[in-house]
Peer 1: 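My questions will all concern the structure given below.
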2 protein chains.
Amino acid sequence: MDEISIRVLAQLEPENLVSEGQSWQQRKSIQTRVTILDAAVDCLQTHGYGRTTTQLIAEKAGISRGAMLHHYATKQDLIAAVIDYTVYKRMELFLHGVRALKDSDRIAEMAGIEIFWESLLTREFGAYLELAVAARTDPELAEIFLPKARRYDQTELAEVIRAFPEWANLPEAYALAMDYCNAALQGLLINREIWSEGSHRVLRRFVGQTIAMMLAGDLTLPQAVSSKAG
Amino acid sequence: MDEISIRVLAQLEPENLVSEGQSWQQRKSIQTRVTILDAAVDCLQTHGYGRTTTQLIAEKAGISRGAMLHHYATKQDLIAAVIDYTVYKRMELFLHGVRALKDSDRIAEMAGIEIFWESLLTREFGAYLELAVAARTDPELAEIFLPKARRYDQTELAEVIRAFPEWANLPEAYALAMDYCNAALQGLLINREIWSEGSHRVLRRFVGQTIAMMLAGDLTLPQAVSSKAG
DNA sequence: GGCTGAAAACCGGCAAGATTGTTTGTTATT
DNA sequence: AATAACAAACAATCTTGCCGGTTTTCAGCC
């Protein structure tokens, strides 16, 4: 991974997990925290936000609830840390996929879409989606989730274009393409169990196709913000 | 509303709410059940699936928990009824929007997209989305939700084309357009608080534009299901 | 280098509150 | 008289946060 990607990742890195612990206690603490956060991600992905209890997380992490509450005093503290962790891991996974893409053949537009799609199938994004939906109806969660989610979005926007420099001359089209890709694939993910497998593939190919046309200039973009446009 | 729409609605109509009650008790029972279901929809939309308790629903409905449990013995019974009710109301609202659309000017393609979008902003769809997401991590809920959701999807597919008969000659394109529209707008809805207002409008216009191009035949559709296509 | 008090990591138990389902009772309808 | 609509109280369970106690590590001092 090149140094700029590392810098981008560092920008999102959770604060209490960064310091390369000098002392034994610091290293142990960080290790336990990561174990807890991984367990929390698993619980979110498997049982959803509403059914994720501190008991369950502690069990999956293999420590006692008391020990966990020593590291994260309240559930809210833990969730806040999980948000940071999830956002960080999501970007890490995506950059990893992009790097693999750059090394590979990179066949037309479909490869990018499929990398994107696969990044949505990870347990990290599963946890992220649970938090995003829960934040829609939980003001306290929204307060800590939304700023971090917006920052992730900005970081993603700034980073993906580095992997696809052919968009550099089309900033508006690029911004639209990113939102478009996110919206369509996340919407597909939600309806995954409802729609048929065949629909999935056709839809993903269609999205890739339209994005390729945007890049080629074969689609006229909508007028930018006309504040009264309905 | 024409008779075919009524037939379509009847196909989704919740069983225990249909009978035009002859007796006083039947009418009273149905009325109370509808009050409860409306309250449940409100709770789902406002507090999310995880925080929707029977206590909260009963309070919002203005009756005692005991009375509510007389009509719906368990929470699962209630949720099952809410699913039916939500699916029904969602279709009812959509048909209502489509009918208004048919009477109006129906300017190009954007009107259809905006009708679709507005149907996603209702509390009924808010409740539906909560159930859909919760069903992803709750096997018991999924068991009762998924069959109903799939049936709704089929009904929607069969009904929308009646409002837009110009697609009749393009069945594959039509099926793709429906999934596409659902996926993109639902994905937009999830990210509503994360993205800026300007992005919303541009994205919706873009979706409308691409769908218009599909109709006009200006987009080559992806090959249908090639079972090994990545 | 070894000792000692402080602090950290960790565990188990406890109480307060919330949630669900049952049960018992009252009023109104059939 | 039987049944339905409704209400209120109850028990059982679950979840959270807090507290006391144990073991291990750290920092200062002889």
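Remember, predicted model here, so these are calculated numbers, not experimental data.
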Peer 1: When you compare the side chains of Thr86(A) and Arg90(A), does any donor N or O come within less than 3.5 Å of an acceptor on the partner?
Peer 2: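 Note: Thr86(A) and Arg90(A) side chains miss the donor-acceptor criterion.
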
Peer 1: Specify the separation, in whole Å, of atom NE2 of His47(B) and atom C1' of dT19(C).
Peer 2: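 For the pair His47(B) NE2 and dT19(C) C1', the rounded distance is 15 Å.
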
Peer 1: Can Thr210(B) and Tyr180(B) be counted as having a side-chain donor-acceptor contact under 3.5 angstrom?
Peer 2: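 There is such a pair between these side chains.
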
Peer 1: Rounded to the nearest angstrom, tell me the gap between atom CD1 in Ile63(B) and atom P in dT26(C).
Peer 2: 21 Å

Peer 1: Can you tell me how far P of dT24(D) sits from CZ of Arg27(A), to the nearest Å?
Peer 2: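 For the pair Arg27(A) CZ and dT24(D) P, the rounded distance is 18 Å.
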
Peer 1: Is there a side-chain polar atom (N or O) of His71(B) under 4.0 Å from OP1 or OP2 of dA4(D)?
Peer 2: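 For dA4(D), OP1/OP2 do not have a side-chain N/O of His71(B) under 4.0 Å.
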
Peer 1: Report yes if a side-chain nitrogen or oxygen of Lys28(A) is closer than 4.0 Å to either non-bridging phosphate oxygen (OP1 or OP2) of dC10(C); otherwise report no.
Peer 2: yes

Peer 1: With ring centroids as reference points, do Phe116(A) and Phe94(A) lie under 6.0 angstrom apart?
Peer 2: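 Yes, close enough.
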
Peer 1: Run the ring-ring contact (aromatic ring centres under 6.0 Å, His included) test against Tyr85(A) and tell me which residues pass, sequence neighbours left out.
Peer 2: none

Peer 1: Taking the minimum atom-to-atom distance to the side chain of Ser64(A), which one of dA9(C), dG12(C), dC6(D) wins?
Peer 2: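 Ranking dA9(C), dG12(C), dC6(D) by closest atom to the Ser64(A) side chain puts dG12(C) first.
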
Peer 1: Name every donor-acceptor pair, under 3.5 Å, that has one atom in a side chain of residues 128-137 of chain B and the other anywhere in the protein, sequence neighbours excluded.
Peer 2:
unit_1	atom_1	unit_2	atom_2	d
Glu130(B)	OE1	Tyr49(B)	N	2.9
Arg136(B)	NH1	Leu189(A)	O	3.1
Thr137(B)	OG1	Ala134(B)	O	3.4

Peer 1: What N/O pairs connect the protein and nucleotides 20-24 of chain C at under 3.5 Å? Give each pair on its own line.
Peer 2:
unit_1	atom_1	unit_2	atom_2	d
dT20(C)	OP1	Lys75(B)	NZ	2.7
dT20(C)	OP2	Thr54(B)	N	3.0
dT20(C)	OP2	Thr54(B)	OG1	2.7
dG21(C)	OP2	Lys75(B)	N	3.2
dG21(C)	N7	Arg65(B)	NH2	2.7
dG21(C)	O6	Arg65(B)	NH1	3.1

Peer 1: Distance check needed: dG17(D) P versus Asp77(A) CG, whole Å only.
Peer 2: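 It works out to 9 Å between those atoms.
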
Peer 1: Between dC10(C) atom C1' and Arg33(A) atom CZ, what is the distance in whole Å?
Peer 2: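 Roughly 14 Å, once rounded to whole Å.
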
Peer 1: Does CZ in Arg123(A) sit with more than 12 non-hydrogen atoms of other residues, nucleotides or ligands closer than 6.0 Å?
Peer 2: yes

Peer 1: Does a donor on one side chain and an acceptor on the other come within less than 3.5 Å for Ser196(A) and Ser199(A)?
Peer 2: yes

Peer 1: To the nearest Å, give me how far apart OH (Tyr72(B)) and P (dC6(D)) are.
Peer 2: 12 Å

Peer 1: Rounding to a whole Å, what distance do you find between Ile57(A):CD1 and dT15(D):C1'?
Peer 2: 12 Å

Peer 1: Report yes if a side-chain nitrogen or oxygen of His70(B) is closer than 4.0 Å to either non-bridging phosphate oxygen (OP1 or OP2) of dC6(D); otherwise report no.
Peer 2: no

Peer 1: Starting from C1' on dG17(D), measure out to CD1 on Ile79(A) and report it in whole angstrom.
Peer 2: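 Rounding to the nearest Å, CD1 of Ile79(A) and C1' of dG17(D) are 15 Å apart.
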
Peer 1: Picking from dC6(D), dC10(C), dA5(D), which would you name as closest to the side chain of Thr32(A)?
Peer 2: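 Closest nucleotide to the Thr32(A) side chain: dC10(C).
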
